[in-house]
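To find a chain, count down the sequence lines: A is the first, B the second, and so on, and within it residues start at 1.
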Amino acid sequence: MLEKENIGSNFVENAINEDLKNEKYTEGIHTRFPPEPNGYLHIGHAKSICLNFGLARNFTGKCNLRFDDTNPTKEDTEYVDSIQEDVKWLGFKWDEQHYASDYFQRLYDFAVELIKRGKAFVCDLSSDEIREYRGTLTEPGKESPYRNRTVEENLDLFQRMKAGEFPDGSHVLRAKIDMASPNITMRDPVLYRIAHAEHHRTGNEWCIYPMYDFAHPLSDAIEGITHSVCTLEFEEHRPLYDWLLESLGFEVGKRPRQIEFARLNLTNTVMSKRKLRQLVEGGYVSGWDDPRMPTISGLRRRGYTPAALRDFCERIGVAKSNSLVDVAMLEHCVREDLNEQADRVMAVLEPLKVVITNYPEGQTEYLEAENHPTRGGHRFVPFSREIYIEREDFEENPPKKFFRLKPDGEVRLKHAYIIKCEEVIKDADGNIVELHCTYDPESKTGGATAGRKVKGTLHWVDAKSALQAEVRLYDYLLLTDENGNTPDDFLSALNPNSLRVIKDAMVEPSLKHIAEGTRYQFLRKGYFCVDKDTTPEHLVFNEVVGLRDTWAKVKKD
RNA sequence: UGGGGUAUAGCCAAGUUGGUUAAGGCACGGGACUUUGACUCCUGCAUUCGUUGGUUCGAAUCCAGCUACCCCAGCCA
């Protein structure tokens, strides 16, 4: 079998290597990604997806997509569609697609078999009673008075549960294990419950539904899964997982093995479905795909690339310790990808008009501008007497080391000329409304005399031909303490400035007809992605992530 | 105070059977380059592995105790 190089190795791969070495799973390894279709996928799921599909790839095995749809009251096809879309978008192809609901009949048969083997019984206790009988963390539970029914009685009752003779909550099928077990999961866990509810796929065919603990190991076994990777909270369920497979006669070394890893936590955001739902339903964000959301759909809309997400999942590793990954790691991954992929264009977010007084009135020239510093390609950008520069690129009283534009100062306009600030025009309130500059005709980019050096280089757009655009700037959804922690009451930590909309940014005219989803680097600002709200008349950009800004740090000192 | 887990730098994380100076990445600092204060490139960043003892010529790795944090009492997954 393929053994991976030590790069990116993790304990799950080590465990699989060990299994292989011991000649287990000789048919090859088989994993699965088993989401419940009750919500949208987020970056924590991406970690699991990358892990499971990555294992299949690294060991030349297979990976299934299986919808764990055993709870009809919470699930919906809307989610199965979005989940499939997200997995595909991330760049993975599943070998087989299944639904736990496809196995309802087989699962029922397994339950019957379990009853026949005397390992399960129908219990008439109410859910409150079951809870009382279960005991507590420190005290053992008590056995149900229905625990010793005969196999025949159990068979009859279970069949009648299935036939719909009983109302919800009146009966339940339970495993017969050990009410005194220190592991609460093993205290005669519920295997089946009655729910007269319509299932999104099986409709009203069933009125009893298996619990996760019952359906999961058996679904894994049915599919020939070798390594069932899940998160840490299922660790104490593993004895039950193994008990069921053992009780039903699945052979050790061939039956699936459950391995648990720590779920992803990221600073400045929340990751639980419940909290994400709260954000959406409370109107704190525009929806599941709000670009500030850590959902796959949100990240996609924000402009993150699948490659960046995969790289991120690779870099954070897989282990068993609870961890909180700095969101800076994620940002680094997109920057690295987009630095390579994104074409450069010029856009001025907060325009300040500059009149070049010695430039001929009415003249426009088209300057060659490279699209990418290493990959090449070029376009022509118009330049004329009036342009816009970034408001923050001019300071009347500049701090030390400010090498942008200042009174009597010189600066290079990217792809164009060196200009000198001659006059600052203000309105009656003293606000700077315009700059009058002169340009050096000898300094034109690419020309024979372009060699003169000035310290600063600014981006700009031609005033006459620039396009107005809406630009949405994002900051973290949540404010965190120095340790990156969010309070339990996370809504109190919502960042009031997580979204800033600029309606009147000016972008170069080459951006006239662009496709939704296209990503650019706005020179000296950051990476931006064309939002789906864009129309032929109205451009809308989302900030993916800003460029690293050393000046911002220097300025603070 | 039952059971199950986890502890290696500010943050992730390698370190499998004990053996030279404890990988790598992020962040951060210093420098070079620069018509993006970007990118890139150099360079620095744990005498120490939660803690205390023990075994050993030798321990992050083995043993014992202690401490901290996470998870479990859904007919959710």
S.K.: So, is A/Arg193 near the phosphate of B/A77, with a side-chain N or O under 4.0 Å from OP1 or OP2?
M.R.: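 Yes, because at least one side-chain N or O of A/Arg193 sits under 4.0 Å from OP1 or OP2 of B/A77.
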S.K.: Please figure out whether A/Leu330 or A/Ile316 has its closest RNA chain B nucleotide nearer the 5' end.
M.R.: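 Closer to the 5' end of RNA chain B: A/Ile316.
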S.K.: Between A/Tyr133 and A/Glu143, do the side chains contain an N or O donor and an N or O acceptor separated by less than 3.5 Å?
M.R.: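 Side chains of A/Tyr133 and A/Glu143: no pair found under 3.5 Å.
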S.K.: Taking 4.0 Å as the cut-off, does a side-chain nitrogen or oxygen of A/Ser9 come that near to OP1 or OP2 on B/G15?
M.R.: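 Result: yes.
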S.K.: So do the side chains of A/Arg412 and A/Leu458 get within less than 4.5 Å of each other, counting heavy atoms only?
M.R.: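 When only atoms from C-beta onward are counted, A/Leu458 and A/Arg412 do not touch, as no gap falls below 4.5 Å.
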S.K.: Mind running side-chain contact (heavy atoms from CB on, under 4.5 Å) on A/His459 and A/Phe522 for me, showing each step along the way?
M.R.: CA-CA 9 Å; A/His459 63 280; A/Phe522 285 178; over 6 Å; no
S.K.: Under the 3.5 Å rule, do the base of B/U36 and the side chain of A/Gln521 count as making a donor-acceptor pair?
M.R.: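 Flag set: donor-acceptor pair detected.
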S.K.: Work out how far the P atom of B/A46 is from that of B/G2, and round it to whole angstrom.
M.R.: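 Per the computed distance, 41 Å lies between those P atoms.
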S.K.: Taking OP1 and OP2 of B/A38, is either one under 4.0 Å from a side-chain nitrogen or oxygen of A/Thr550?
M.R.: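 A/Thr550 to B/A38 OP1/OP2: side-chain N or O found under 4.0 Å.
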S.K.: Can you tell me which nucleotide in B/C39, B/C76, B/G5 comes closest to the side chain of A/Arg548?
M.R.: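 Of B/C39, B/C76, B/G5, B/C39 is nearest to the side chain of A/Arg548.
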S.K.: Quick one: A/Leu266 CG to B/A27 P, roughly how many Å, whole number?
M.R.: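 For the pair A/Leu266 CG and B/A27 P, the rounded distance is 14 Å.
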S.K.: Suppose you measure atom P in B/U52 against the same atom in B/A68; what distance do you get, rounded to whole Å?
M.R.: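 Here B/U52 and B/A68 have their P atoms 15 Å from each other.
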S.K.: Is a side-chain donor-acceptor pair under 3.5 Å present for A/His200 with A/Asp76?
M.R.: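 Not at all, the side chains of A/Asp76 and A/His200 share no donor-acceptor pair under 3.5 Å.
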S.K.: For atom C1', what is the distance between B/A77 and B/U51, given to the nearest Å?
M.R.: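 Between the two C1' atoms, the distance is 38 Å.
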S.K.: Can you see if the side chain of A/Ser323 gets near the phosphate of B/A13 - specifically, an N or O under 4.0 Å from OP1 or OP2?
M.R.: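 Affirmative; the distance criterion is met.
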S.K.: According to a strict under-4.0 Å criterion, is A/Lys401 in side-chain N/O contact with OP1 or OP2 of B/G37?
M.R.: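 So the side-chain polar atoms of A/Lys401 never come under 4.0 Å of the phosphate oxygens OP1 or OP2 of B/G37.
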S.K.: Where the side chain of A/Leu547 is concerned, which of B/C76, B/C75, B/U36 is the nearest nucleotide?
M.R.: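 Taking heavy atoms from C-beta onward, the closest nucleotide is B/U36.
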S.K.: In terms of side-chain heavy atoms, does A/Glu13 have a donor or acceptor partner in A/Asn58 at a distance below 3.5 Å?
M.R.: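 Indeed, the side chains of A/Glu13 and A/Asn58 share at least one donor-acceptor pair under 3.5 Å.
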S.K.: Could you tell me the separation between the CD1 atom of A/Ile43 and the P atom of B/C12, rounded to a whole number of Å?
M.R.: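 It is 15 Å, rounded to the nearest whole Å.
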S.K.: Using the P atoms only, state how far B/A23 lies from B/A14, rounded to an integer number of Å.
M.R.: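 That atom pair is separated by 15 Å.
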S.K.: Side-chain donor or acceptor of A/Glu236 under 3.5 Å from a matching atom on the base of B/G3?
M.R.: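 Indeed, a donor on one side and an acceptor on the other fall under 3.5 Å apart.
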S.K.: Rounded to the nearest Å, what distance is computed from the CG atom of residue A/Asp76 to the C1' atom of nucleotide B/C76?
M.R.: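 Spelled out: CG on A/Asp76 to C1' on B/C76 is 17 Å.
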S.K.: Quick one: do A/Arg238 and A/Glu260 satisfy salt bridge (Lys or Arg N to Asp or Glu O under 4.0 Å)? Show the steps, please.
M.R.: CA-CA 9 Å; A/Arg238 192 171 65 225; A/Glu260 313 84 12; 2.8 Å; yes
S.K.: Do any side-chain nitrogens or oxygens of A/Thr73 fall under 4.0 Å of OP1 or OP2 in B/C76?
M.R.: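 So the side chain of A/Thr73 is outside the cut-off, no N or O lying under 4.0 Å from OP1 or OP2 of B/C76.
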S.K.: With rounding to whole Å, what would you report as the distance between B/U17 and B/A59 at their P atoms?
M.R.: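 So the two P atoms sit 15 Å from each other.
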S.K.: Counting side-chain heavy atoms from CB outward, which of B/G15, B/U36, B/C39 is closest to A/Asn14?
M.R.: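 The listed nucleotide nearest to A/Asn14's side chain is B/G15.
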S.K.: May I ask you to evaluate whether A/His332 reaches the phosphate of B/C26, defined as a side-chain N or O under 4.0 Å from OP1 or OP2?
M.R.: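 Yes, such a contact exists.
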S.K.: Any side-chain donor paired with an acceptor under 3.5 Å for A/Tyr108 and A/Gln159?
M.R.: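 Note: A/Tyr108 and A/Gln159 side chains miss the donor-acceptor criterion.
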S.K.: Can you tell me if the side-chain N/O atoms of A/Arg524 get under 4.0 Å from OP1 or OP2 in B/G37?
M.R.: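 Yes.
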S.K.: I want to verify a distance call: between B/C75, B/A77, B/C26, whose nearest atom is closest to the A/Val172 side chain?
M.R.: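 Among the listed nucleotides, the one closest to the side chain of A/Val172 is B/C75.
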S.K.: Looking only at side-chain N and O atoms, does A/Arg134 come under 4.0 Å of OP1 or OP2 in B/C75?
M.R.: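 Checking A/Arg134 against B/C75: at least one side-chain N or O falls below 4.0 Å of OP1 or OP2.
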S.K.: Roughly, in whole Å, what's the span from NZ in A/Lys320 to C1' in B/C69?
M.R.: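 Rounded to the whole Å, the gap is 16 Å.
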S.K.: State whether A/Arg404 places a side-chain N or O below 4.0 Å from either non-bridging phosphate oxygen (OP1 or OP2) of B/G37.
M.R.: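 Looking at the OP1 and OP2 atoms of B/G37, neither is under 4.0 Å from any side-chain N or O of A/Arg404.
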S.K.: Using atom P of each nucleotide, how far apart are B/U43 and B/G5 to the nearest Å?
M.R.: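 After rounding to an integer number of Å, I get 44 Å for this pair.
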S.K.: Search all heavy atoms of A/Gln521 against all heavy atoms of A/Ala342 and return the closest pair with its distance.
M.R.: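 Closest approach of A/Gln521 to A/Ala342: N-CB, 3.8 Å.
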S.K.: Test salt bridge (Lys or Arg N to Asp or Glu O under 4.0 Å) on A/Lys525 and A/Glu392; report intermediate values, then the result.
M.R.: CA-CA 12 Å; A/Lys525 296 307 286 184; A/Glu392 64 168 18; 3.0 Å; yes
S.K.: Work out how far the C1' atom of B/U56 is from that of B/G18, and round it to whole angstrom.
M.R.: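 Result for the C1' pair: 9 Å, nearest Å.
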S.K.: Any stems for RNA chain B, made of 3 or more Watson-Crick or G-U pairs in a row, each with both distances under 3.5 Å?
M.R.: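 Listed by first number, the stems are B:2-7 with B:67-72, B:10-12 with B:24-26, B:28-32 with B:40-44, B:50-54 with B:62-66.
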S.K.: What residue among A/Tyr99, A/Phe33, A/Tyr79 forms ring-ring contact (aromatic ring centres under 6.0 Å, His included) with A/Phe67?
M.R.: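 Checked A/Tyr99, A/Phe33, A/Tyr79 against A/Phe67; only one passes ring-ring contact (aromatic ring centres under 6.0 Å, His included): A/Tyr99.
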S.K.: Return the value, rounded to whole Å, for the distance between atom CG of A/Leu405 and atom P of B/G37.
M.R.: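 Rounding to the nearest Å, CG of A/Leu405 and P of B/G37 are 14 Å apart.
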S.K.: Compare the ring of A/Tyr212 with the six-membered ring in the base of B/A77 and state whether they stack (centres under 5.5 Å, planes under 30°).
M.R.: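 A stacking contact does not exist, since A/Tyr212 is not both close and nearly parallel to the base ring of B/A77.
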S.K.: Please determine, by modelled atom types, if A/Asn183 and A/Glu236 share a side-chain donor-acceptor pair under 3.5 angstrom.
M.R.: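 Not at all, the side chains of A/Asn183 and A/Glu236 share no donor-acceptor pair under 3.5 Å.
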S.K.: Please state whether the phosphate of B/C28, meaning OP1 or OP2, lies under 4.0 angstrom from any side-chain nitrogen or oxygen of A/Lys553.
M.R.: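 For A/Lys553, the contact criterion (side-chain N or O under 4.0 Å from OP1 or OP2 of B/C28) is met.
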S.K.: Among the nucleotides B/C75, B/C76, B/G5, which one has an atom lying closest to any side-chain atom of A/Ile130?
M.R.: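 Selected nucleotide: B/C75.
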S.K.: Can you figure out which of B/A14, B/A77, B/C12 approaches the side chain of A/Glu233 most closely?
M.R.: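 Shortest atom-to-atom distance from the side chain points to B/A77.
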S.K.: Separation of A/His372 atom NE2 from B/U35 atom C1', in whole Å?
M.R.: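 Going from A/His372 (NE2) to B/U35 (C1'), I get 16 Å.
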S.K.: Give the nucleotide from the list B/G3, B/A13, B/C75 with an atom nearest to the side chain of A/Met211.
M.R.: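 It is B/C75.
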S.K.: Do any side-chain nitrogens or oxygens of A/Asn265 fall under 4.0 Å of OP1 or OP2 in B/C11?
M.R.: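 So the side chain of A/Asn265 is outside the cut-off, no N or O lying under 4.0 Å from OP1 or OP2 of B/C11.
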S.K.: Just the rounded figure in Å: distance from C1' of B/A73 to CG of A/Asp213.
M.R.: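 The answer, rounded to whole Å, is 14 Å.
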S.K.: Please determine if a side-chain N or O atom of A/Arg315 lies less than 4.0 Å away from the OP1 or OP2 oxygen of B/G24.
M.R.: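 Negative; the distance criterion is not met.
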S.K.: Taking the P atom of each, how far is B/A9 from B/C49, in whole Å?
M.R.: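 Looking at atom P only, B/A9 and B/C49 are 10 Å apart.
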S.K.: Regarding B/U35, can its base be found pairing with the side chain of A/Thr445 as donor and acceptor, where the two atoms are less than 3.5 Å apart?
M.R.: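 Yes.
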S.K.: Quick check: on RNA chain B, is the nucleotide nearest A/Ile184 upstream (toward 5') of the one nearest A/Arg412, or the reverse? Name the residue that is more 5'.
M.R.: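 In this pair, the answer is A/Arg412.
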S.K.: Taking the side chain of A/Phe402 as its heavy atoms from C-beta onward, which of B/U34, B/U36, B/G37 lies nearest to it?
M.R.: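 When the side chain of A/Phe402 is considered, B/G37 is the closest of B/U34, B/U36, B/G37.
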S.K.: Does B/A13 have its OP1 or OP2 closer than 4.0 Å to a side-chain nitrogen or oxygen of A/Ser321?
M.R.: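 The answer is yes; a side-chain N or O of A/Ser321 sits under 4.0 Å from OP1 or OP2.
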S.K.: Do A/Lys162 and A/Trp206 meet the cation-pi criteria used here (NZ or CZ under 6.0 Å from the six-membered ring centre, within 45° of the axis)?
M.R.: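 Output yes; distance and angle both within limits.
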S.K.: Atom CE of A/Met329 and atom C1' of B/A27: how far apart are they, to the nearest Å?
M.R.: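 Taking CE of A/Met329 and C1' of B/A27, I get 9 Å after rounding.
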